[in-house]
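These numbers come from a predicted model, not from an experiment. No hydrogens, no waters, no symmetry mates; every other heavy atom, side chains included, goes into these values.
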Amino acid sequence: MTDVVTPPTSPVSRERSKEIKRLSVISTARQVRLLSRAELTELTGLSPATLTPLVRELIAEGYLLERGPGTSRAGRPRAMLEFNPRAELVAAVSLEPTRISCEIADSDGTVIAHRAVRLAGDIVETICRSVPELAGDGLPALRGVAIAAPGVSSGGTVRLAPSVGLVEGQEIGESVQRHLGVPVVVDNDVNLMAAGEHAAGAGSDVADLLLLHVADGIGAGLVLDGQVRRGAGGAAGEVGFLPLDPSDQGHDGIGPFEARWSENAVAERVVALAPGRRPDAPVAALVELARTDARAAAYLDEVLTAWSRLIVSCACVIDPGRVLLSGAATQLDDDAVARLQTLVDASAPAATEVRRAVLGDRAVLHGAVSYALAAAAAGTPQLLPTP
């Protein structure tokens, strides 16, 4: 009697197999934007029999739009399919000193809605209320949420963010994820800026870069081999905590370096040099004052020297090749940027180009959209982004 050999069961369930194929069609259509069914078959490798019901479902869900026939060199023109970026919405949330900014964007990064609400009460509750309200009728299309925090983020918990009251640490990601039912990523705001500049800004043509962001604090976002690097505890790039001398310990979540050389520190010195109200753009005010005031010129040189030493210290360890100035540092005029480049060239162990970031506040959005879509495409919840 011959034994009947039972073929091994596939490790991939039928449902999961269909979902993989579905994601392949969505990814291909998102990349190509306008294509025929025949082109979709060729690019995905799926048979027409498999593709036909998937396309029908995606049209019903709004992912694909049917367009008129395209041009054809021979034979009958083929009906075309167009990817609909509004079928995938993401929320970008930024925790700021006095408010929470929230934007809803489609998969192209086009902002559909924006709202800023006062930072009062529980942060998680505010986020979970604001995102659905802002998404409105588009809530069913929400695919992911990215939260930018001005501190250290690890596993969805934010700490060392004194400007928003999160010094010791608070779990944010999992709570928002559980409430909204979509993947949530939480990361340092400067990491998001670096990801945004790398995706669509002044770093889009390189694989390695360092973004130096000067604001109330000073932080750096690091991209190596095209990937944002966060370190074992999520604290990579916390350059504001670099000590200035052996006695420096930092206090209340503020590092020694940023306590002395941040935008706040510059603003205080500018007011001391030219008494009056605090300028809205302290670095720009210092540059202007330095044209006619020798004391301001000397202080500007101190600032540039300090920032150059910070850049060189980073270059000695990671050799980013390109450094992007962000935040208040973009207020430097061309002469000051050239002076900073000269100081870096004199001490850096390898060529390190210094230039301004170009996206401004939009850098966070571009990075957040990238993060949120990556989390949505993974199909499972993520508290640490892997764009």
Go through the steps to decide whether Arg143 and Glu88 satisfy the test salt bridge (charged side-chain N to carboxylate O under 4.0 Å, His left out), and finish with yes or no.
CA-CA 6 Å; Arg143 298 291 181 262; Glu88 297 178 314; 5.1 Å; no
Return all side-chain donor-acceptor pairs below 3.5 angstrom for residues 120-132, not counting sequence neighbours, or 'none' if the list is empty.
from, atom 1, to, atom 2, distance (Å)
Asp122, OD2, Val124, N, 3.1
Asp122, OD2, Glu125, N, 2.9
Thr126, OG1, Asp122, O, 2.8
Ser130, OG, Thr126, O, 2.8

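- In this structure, Glu263 has no side-chain hydrogen bond (donor to acceptor under 3.5 Å, both in side chains) partners at least two apart in sequence or on a different chain.
- A salt bridge is absent between Glu19 and Arg14; no separation between the charged side-chain nitrogens and carboxylate oxygens falls under 4.0 Å.
- Counting heavy atoms from C-beta outward, Asp345 and Val354 have side chains that stay 4.5 Å or more apart.
- Using a cut-off of 4.0 Å between Lys/Arg side-chain N and Asp/Glu carboxylate O, Arg230 and Asp187 are scored as salt-bridged.
- A donor-acceptor pair shorter than 3.5 Å can be found between the side chains of Asn264 and Arg278.
- Side-chain contact annotation: Ser308 with Thr305, donor-acceptor N/O pair under 3.5 Å absent.
- Cluster partners of Val25, by chain and number: Ile26, Val32, Leu35, Leu40, Leu43, Leu46, Leu51, Leu54, Val55, Leu58, Ile59, Tyr63, Leu64, Leu81, Phe83. The rule joins Ile, Leu, Val, Met, Phe, Trp and Tyr whenever side-chain heavy atoms lie under 4.5 Å apart.
- Remark: Asp333 does not engage Arg339 in a salt bridge, criterion side-chain N to carboxylate O under 4.0 Å.
- Side-chain atoms of Ser204 do not come within 3.5 Å of backbone N or O of Ala200 as any donor-acceptor pair.
- Side-chain N or O atoms of Arg86 include none that pairs as donor or acceptor with a backbone N or O of Ser107 at under 3.5 Å.
- Note on Glu353 versus Arg355: salt bridge recorded, some NZ/NE/NH1/NH2 to OD/OE distance being below 4.0 Å.
- Ion pairing between Glu61 and Arg56 fails under the 4.0 Å rule for side-chain N and carboxylate O.
- Salt-bridge annotation for Lys18 and Glu57: present, with a side-chain N of the basic residue lying under 4.0 Å from a carboxylate O of the acidic one.
- Shown here is Glu42, whose CD atom has no more than 12 heavy atoms of other residues, nucleotides or ligands within 6.0 Å.
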